[in-house]
Amino acid sequence: MPGWPDVLLQPVAEVAPALLGAHLTHGGVTVRLTEVEAYDGPDDPASHAYRGLTARNAVMFGPPGRLYVYFSYGMHWCANVVCGPDGRASAVLLRAGEVVDGLRVARERRGGRADVELARGPANLTQALGIQRHQDGLDLSRRVTLAVSPVPPEHIASGPRVGVTLAHDVPWRFWVKGDPSVSAYKRSPRAPQG
DNA sequence: CTGGGGATTGCCT
DNA sequence: GGCAATCCCCAGC
């Protein structure tokens, strides 16, 4: 298993599950990633990079291993790990994690939620870590620690991405089976029935 | 310049 | 399960 950042150069659907179990540290808080989603730049209709380079997604088109942060629904920040070779514009959305260090700070940022909910959901995870617009483009090389041993495939589940209207048949959401910090799955209201 | 929509969340019934 | 909050992004005129 390749280390950081070479692990990011694999196809994004392999990068995403490889990041499960990794630790990410920012703002005095460390989370263990339990849920992620893959977005494959130019070929993926659900990706922010699908329509090409814009001011918002510029970091996606740069080198791997940096943080791509975007603003969502007028109030939330969400974070991705840029991956693939420079210019490929692939990314892995960080959807959920378990706070393993800095509980006190994370609780303050999340306003007294239950510990298991501190980093459950992409916007909640970024809030627990204190990530906002200013962290767009941040180099993650000294902030990510890959799992000592990868989460075994039999402990990983996959399914459609959350809230995504297009390409709903692509099962590029990956999570640790049975982990309580994984967010409840909500299909996009506009996704096909089933 | 403008307007419709969005990789969400949490509170409401 | 329904829906409001809230504002940036970007496509289109």
Side-chain angles (χ1 to χ4, degrees), chain A residues 8 12-13 15-17 19-20 24 31 33-62 64 66-84 88-99 106-138 140 157-175 180-194:
Chain A
L8 303 177
V12 67
V15 176
L19 291 179
L20 293 174
L24 168 62
V31 300
L33 297 176
T34 58
E35 181 187 357
V36 297
E37 279 176 1
Y39 289 87
D40 193 15
D43 304 328
D44 183 356
S47 170
H48 286 177
Y50 183 56
R51 294 169 196 277
L53 175 66
T54 67
R56 176 177 66 158
N57 65 22
V59 170
M60 294 182 77
F61 287 82
R66 305 210 300 211
L67 202 62
Y68 163 53
V69 180
Y70 69 93
F71 193 56
S72 181
Y73 290 92
M75 67 199 91
H76 302 301
W77 299 96
C78 298
N80 301 248
V81 176
V82 174
C83 57
R88 173 73 190 177
S90 293
V92 173
L93 172 67
L94 308 178
R95 286 202 56 90
E98 173 199 2
V99 175
R107 286 175 185 143
E108 283 176 16
R109 292 197 178 118
R110 291 278 294 127
R113 304 251 149 212
D115 285 355
V116 75
E117 298 178 3
L118 291 177
R120 180 158 72 186
N124 292 336
L125 182 145
T126 57
Q127 187 180 356
L129 290 169
I131 290 172
Q132 293 189 15
R133 159 183 283 162
H134 185 67
Q135 277 70 46
D136 190 39
L138 182 71
L140 294 175
S158 66
R161 294 171 290 186
V162 178
V164 168
T165 307
L166 300 169
H168 196 259
D169 54 320
V170 180
W172 278 0
R173 173 189 178 229
F174 302 89
W175 66 96
S181 68
V182 171
S183 64
Y185 173 64
K186 275 188 189 169
R187 178 168 33 121
S188 167
R190 308 196 64 159
Q193 283 191 327

> Between A/Phe71 and A/His76, does the ring centre distance come in under 6.0 Å?
Replying inline: no
> Is A/Glu35 reaching over with its side chain to a backbone N or O of A/Ser183, donor-acceptor style, under 3.5 angstrom?
Replying inline: yes
> Between A/Leu166 and A/Pro45, which heavy-atom pair has the shortest distance, and what is it?
Replying inline: CD1-O, 3.6 Å
> Run the ring-ring contact (aromatic ring centres under 6.0 Å, His included) check on A/His48 and A/Tyr39 step by step: do they pass?
Replying inline: CA-CA 8 Å; A/His48 286 177; A/Tyr39 289 87; 7.3 Å; no
> Taking atom C1' of C/dA4 as reference, at what distance in whole Å does atom NE2 of A/His76 sit?
Replying inline: 11 Å
>> From C-beta outward on A/Met60, which listed nucleotide comes closest to its side chain: B/dG10, B/dT8, B/dA7?
In response: B/dA7
> Given atom CZ of A/Arg173 and atom P of B/dT8, what is their separation to the nearest angstrom?
Replying inline: 11 Å
> Just to confirm, is there a sub-4.0 Å distance from OP1 or OP2 of B/dG10 to any side-chain nitrogen or oxygen of A/Arg120?
Replying inline: no
> Is A/Asn80 touching bases, backbone alone, or none of the nucleic acid, heavy atoms closer than 4.0 Å?
Replying inline: base
> Without hydrogens or angle criteria, can the side chains of A/Thr126 and A/Gln132 be said to hold a donor-acceptor pair below 3.5 Å?
Replying inline: no
> Does a side-chain N or O from A/Arg95 land closer than 4.0 Å to OP1 or OP2 of B/dT8, or not?
Replying inline: yes
> If we take the P atom in both B/dT2 and C/dT6, what is their distance in whole Å?
Replying inline: 23 Å
> B/dG6 phosphate, OP1 or OP2: any side-chain N/O from A/Arg161 under 4.0 angstrom?
Replying inline: no
> Just wondering, do A/Tyr39 and B/dA7 stack (centres under 5.5 Å, planes under 30°)?
Replying inline: yes
>> Check A/Arg88 with A/Asp40, please: is the shortest side-chain N to carboxylate O separation under 4.0 Å?
In response: yes
> If the sugar-phosphate is the primed atoms plus P, OP1 and OP2 and the base is the rest, what is the B/S/- string for nucleotides 6-13 of chain C, using protein heavy atoms under 4.0 Å?
Replying inline: BBSSSS--
>> Whole angstroms only, please: what is the NE2-P distance between A/His168 and B/dA7?
In response: 13 Å
>> Using the rule given for side chain to side chain contact (heavy atoms under 4.5 Å, CB included), can you reason through A/Leu93 versus A/Cys78, listing the C-alpha separation, both sets of side-chain angles and the distance that settles it, and then say yes or no?
In response: CA-CA 8 Å; A/Leu93 172 67; A/Cys78 298; 4.1 Å; yes
>> Just the rounded figure in Å: distance from P of B/dT8 to CD of A/Glu117.
In response: 17 Å
> When you look at A/Thr34 and A/Trp175, which way does the side chain to side chain contact (heavy atoms under 4.5 Å, CB included) test go after all the steps?
Replying inline: CA-CA 5 Å; A/Thr34 58; A/Trp175 66 96; over 6 Å; no
>> What does the 5'-to-3' dot-bracket notation of DNA chain B look like when only Watson-Crick and G-U wobble pairs under 3.5 Å count, and pairs to other strands show as |?
In response: ||||||.|||||.
> Should the pair A/Arg95-A/Glu37 be classified as a salt bridge under the 4.0 Å nitrogen-to-oxygen rule?
Replying inline: yes
>> Counting the atoms with a prime plus P, OP1 and OP2 as sugar-phosphate, which does A/Ala46 contact under 4.0 Å by heavy atoms, base, sugar-phosphate, or nothing?
In response: base
> Atom OH of A/Tyr70 and atom P of B/dG6: how far apart are they, to the nearest Å?
Replying inline: 13 Å
